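Some notes on the structure that comes next.
Note that this is a predicted model, so its numbers are computed, not measured.
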Amino acid sequence: MAVNDKTGYSGVEKHGGQVRIVFMYEGKRCREPVPRAQQTSPGYAKANALREEILQKIKYGVFRYEDYFPNSTRAKAIVKAIEKPKTFKEVAESWLEGKGLDCKASTIKAFGSQIEFLNEQFGTKEIRSITYFDLTAALLKKKEMGASGKTRNNYLVPIRGIFDAAFVSSYITTNPASRLRNALIVKPEADPFTIDQMHQILTYMQKHYPEGVWNYFTFAFGTGLRPS
């Protein structure tokens, strides 16, 4: 945005007897007057500082329009939209759409499959009514279907993301996913062949397999190298 010749700041302009700032929010250009800012150099500097503060909050997803401009028509419309209950499915769809900006297609496909299962559990429920125990019950059901601890942890990624988005957007006042913990993944201890077992395997291969196969496994056993 170009610097305004009359105020000396980008996004700061005169309007009637007021000073107002201009910024983009949710894809729309917004113009709002700055309270008690006069059309003077200090007033323009104050407006610019306020605009920079708002832009930073928008960048990090923590800007609340009604906190800065409570009497604005746009703020009232935003509050009204927030007050309308959102279902889990609605928030999940918005979250997944946003992930498309920085995730690979394969990751988005995996998230979509996970969200499909979660929607079966509580997709039509208001997201503000979903509790910690609802989430743990869904994860337990997935475990009963044969899911491993690693799979459970994978499901926590979209769950946390969706509820974080709902919290930042003020659709919920507390985040039930914040206390969900990853399952502990215990890797089995290595159980290598003994020297005698190695010799038995190689002797069997030498008798029953082509020489190339025997050479390959002799080399593998001797060096510890693996195909990967």
Which residues share a side chain to side chain contact (heavy atoms under 4.5 Å, CB included) with S72, sequence neighbours left out: E32, Y65, F69, R74, A75

With V12, the side-chain contact (heavy atoms from CB on, under 4.5 Å) member among N48, V34, V22, V3: N48

Euclidean distance, T136 OG1 relative to R179 CZ, rounded to 0.5 Å: 14.0 Å

Set of residues satisfying side chain to side chain donor-acceptor pair (under 3.5 Å) with respect to S148, sequence neighbours excluded: T151

Shared hydrophobic cluster, I58 / M24 (ILVMFWY, side-chain heavy atoms < 4.5 Å): no

For residues 204-212, please give each side-chain donor-acceptor pair under 3.5 Å, one per line with the distance, not counting sequence neighbours.
from	atom 1	to	atom 2	distance (Å)
H208	ND1	Y204	O	2.9

Residue list, side chain to side chain donor-acceptor pair (under 3.5 Å) with T107, at least two apart or on another chain: none

CA sep, side-chain torsions, deciding dist, call: W214, L202, side chain to side chain contact (heavy atoms under 4.5 Å, CB included): CA-CA 7 Å; W214 176 80; L202 293 177; 4.0 Å; yes

Where at least one partner belongs to residues 103-117, residue pairs that pass salt bridge (charged side-chain N to carboxylate O under 4.0 Å, His left out), sequence neighbours excluded: none

All pairs passing side-chain hydrogen bond (donor to acceptor under 3.5 Å, both in side chains) where residues 35-44 contributes a residue, at least two apart: none

Cluster check F167, V157: I/L/V/M/F/W/Y, side chain < 4.5 angstrom: yes

Pairwise distance CG(L180) to CD1(I159) - rounded to 0.5 angstrom: 6.5 Å

Smallest separation among heavy atoms of R128 and I172, with atom names: CA-CG2, 3.5 Å

Results of side chain to side chain contact (heavy atoms under 4.5 Å, CB included) for L225 - residues two or more places apart only: F219, T223

Note, D134 side chain near K125 side chain (heavy atom, < 4.5 Å): yes

Pairs flagged by salt bridge (charged side-chain N to carboxylate O under 4.0 Å, His left out) wherever residues 5-18 is involved - sequence neighbours left out: E13-R20, E13-R31

Approximate separation, where rounding is to 0.5 Å, of L96 CG and K89 NZ: 12.5 Å

Reported OH-to-OG distance for the pair Y171 and S94, which is rounded to 0.5 angstrom: 6.5 Å

Pairwise distance CG(L156) to CG(L135) - rounded to 0.5 angstrom: 9.0 Å

F63 CZ to Y68 OH distance, which is reported to the nearest 0.5 Å: 7.0 Å

Crowding at CZ, F217 (>12 non-hydrogen neighbours, <6.0 Å): no

Any donor-acceptor N/O pair, D164 side chain to G161 backbone, under 3.5 Å: no

Exam field: side chain N182 to backbone N153, donor-acceptor pair closer than 3.5 Å: no

Contacts of S113 that satisfy side chain to side chain contact (heavy atoms under 4.5 Å, CB included) - sequence neighbours left out: none

All pairs passing ring-ring contact (aromatic ring centres under 6.0 Å, His included) where residues 119-144 contributes a residue, at least two apart: F88-F122

Test log, rule side chain to side chain contact (heavy atoms under 4.5 Å, CB included), inputs I54 and Y25: CA-CA 10 Å; I54 289 173; Y25 180 60; over 6 Å; no

Over 12 non-hydrogen atoms of neighbours within 6.0 angstrom of CD in Q197: yes

F163/I127 under side chain to side chain contact (heavy atoms under 4.5 Å, CB included): CA gap, chis, key distance, verdict: CA-CA 8 Å; F163 279 89; I127 194 162; 3.6 Å; yes

Partners meeting side chain to side chain donor-acceptor pair (under 3.5 Å) with K142 (sequence neighbours left out): Y155

Any residue meeting side chain to side chain contact (heavy atoms under 4.5 Å, CB included) with L55, in chain and number order, not counting sequence neighbours: F23, R51, E52

Single-linkage hydrophobic cluster L184~L140, side-chain heavy atoms < 4.5 angstrom: no

